[in-house]
Structure formats: C-alpha cells, structure tokens
Asker: 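First the structure, which I've put down as structure tokens, then a few questions once you've had a look.
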Amino acid sequence: MRVSRDLDLLVLVCPNGLGHFRRQVEILSRLLNCIPDLRVHLLCADAQVEATSDWVRARRFFSDPRVTRTSGVLDPGVSWFTDASRYEG
C-alpha cells in the first residue's frame with residue numbers, strides 16, 4: 001500500500017540565460033513523472049518562458065496542473081528582505 005504525501009518543491013532559476021532554465025525544466029519534468037505527489041513552484045523570468053515557448057517539453061511542463069510559475073521576483077530592481085520574519089504570513 002502506498003502512502004500519499006504532498007511534496008512541494010520550490011525552484012529558483014537565475015534569469016541569466018536559457019541553459020539553466022532548459023536543464024531545470026528537463027529535470028523537473030522527469031521528477032514529476034516519477035513522483036505523482038510532487039508539486040513544483042518555479043520562480044523564473046518571463047523571458048525564459050517566452051524564449052522556450054516552441055519547446056514541446058516546456059509547453060508540457062507548464063501545462064501540468066502540479067506546476068505553478070511565479071515571475072517578477074528575479075527582475076532587475078527587485079530587493080529581498082534580510083529579515084526572514086518579514087516573509088511569514
């Protein structure tokens with residue numbers, strides 16, 4: 001009997017190029033195939049998604065309901081708080 005566990009994975013892909021982005025999409029796609037309970041939360045730049053829009057693997061990856069994407073957190077001018085408590089809900 002398999003016990004179901006919800007697994008969440010947060011992945012941040014640096015916006016400086018497409019190599020890292022393409023590799024992460026490939027790795028995460030394979031993880032989703034192997035781990036049915038996995039949910040992926042991807043932080044990336046809009047330009048990365050747009051530049052790979054003709055790539056079948058990326059289209060499949062982003063159409064998976066277990067994948068959420070957030071953009072804007074890596075854009076120039078974005079700053080992060082050094083106090084972690086500022087991010088607590």
Side-chain angles (χ1 to χ4, degrees):
M1 181 171 144
R2 186 172 190 284
V3 177
S4 177
R5 313 180 295 277
D6 290 336
L7 302 170
D8 287 281
L9 178 63
L10 175 66
V11 180
L12 184 140
V13 182
C14 294
N16 59 343
L18 295 176
H20 296 338
F21 181 76
R22 288 180 69 101
R23 282 188 292 280
Q24 288 300 323
V25 168
E26 185 66 35
I27 290 166
L28 295 169
S29 295
R30 290 176 186 236
L31 283 172
L32 286 167
N33 286 337
C34 295
I35 308 169
D37 299 328
L38 181 64
R39 288 187 306 258
V40 174
H41 307 279
L42 184 67
L43 304 178
C44 63
D46 286 333
Q48 292 168 311
V49 176
E50 292 164 8
T52 58
S53 63
D54 62 340
W55 188 34
V56 174
R57 173 73 77 184
R59 283 198 310 266
R60 262 192 236 128
F61 175 74
F62 288 115
S63 67
D64 190 311
R66 298 172 294 163
V67 174
T68 58
R69 179 176 68 89
T70 302
S71 61
V73 295
L74 301 172
D75 295 337
V78 173
S79 61
W80 299 84
F81 296 117
T82 56
D83 177 11
S85 67
R86 300 277 306 261
Y87 295 101
E88 294 175 1

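Counting from 1, the numbers follow the sequence of the chain as shown. Just so you know, these numbers come straight off a predicted model, no measurement behind them.
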Asker: Search all heavy atoms of Arg57 against all heavy atoms of Ser29 and return the closest pair with its distance.
Answerer: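 Nearest pair, atom of Arg57 first, then Ser29: CD-OG, 3.3 Å.
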Asker: Over all heavy atoms of both residues, which pair between Leu42 and Phe61 is shortest? Give the atoms and the distance, please.
Answerer: CD2-CE2, 3.9 Å
Asker: Could you walk me through whether Arg30 and Glu26 pass salt bridge (charged side-chain N to carboxylate O under 4.0 Å, His left out), step by step?
Answerer: CA-CA 6 Å; Arg30 290 176 186 236; Glu26 185 66 35; 3.0 Å; yes
Asker: So which atom in Leu32 and which in Leu38 form the shortest heavy-atom distance, rounded to 0.1 Å?
Answerer: CD2-O, 3.6 Å
Asker: Would you say the side-chain atoms of Arg66 pair up with the backbone N or O of Asp37, donor to acceptor, closer than 3.5 Å?
Answerer: no
Asker: Look at atom NE2 of His20 and say whether more than 12 heavy atoms of other residues, nucleotides or ligands are closer to it than 6.0 Å.
Answerer: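 Counting neighbours around NE2 of His20, 12 or fewer heavy atoms of other residues, nucleotides or ligands fall under 6.0 Å, so no.
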Asker: Are Leu7 and Ile27 connected in the hydrophobic side-chain network, where two residues link if heavy atoms are under 4.5 Å apart?
Answerer: yes
Asker: Closest approach of Val49 and Arg69, non-hydrogen atoms and distance?
Answerer: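 That closest heavy-atom pairing would be CG2-CD, 3.4 Å.
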Asker: Kindly indicate whether the side chain of Leu9, heavy atoms from C-beta on, has any atom under 4.5 Å from the side chain of Leu28.
Answerer: yes
Asker: Does any part of the side chain of Thr52, heavy atoms only, come nearer than 4.5 Å to the side chain of Val25, both counted from C-beta?
Answerer: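 No, their side chains stay 4.5 Å or more apart.
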Asker: Do the side chain of Gln48 and the main chain of Cys14 share a donor and acceptor less than 3.5 angstrom apart?
Answerer: yes
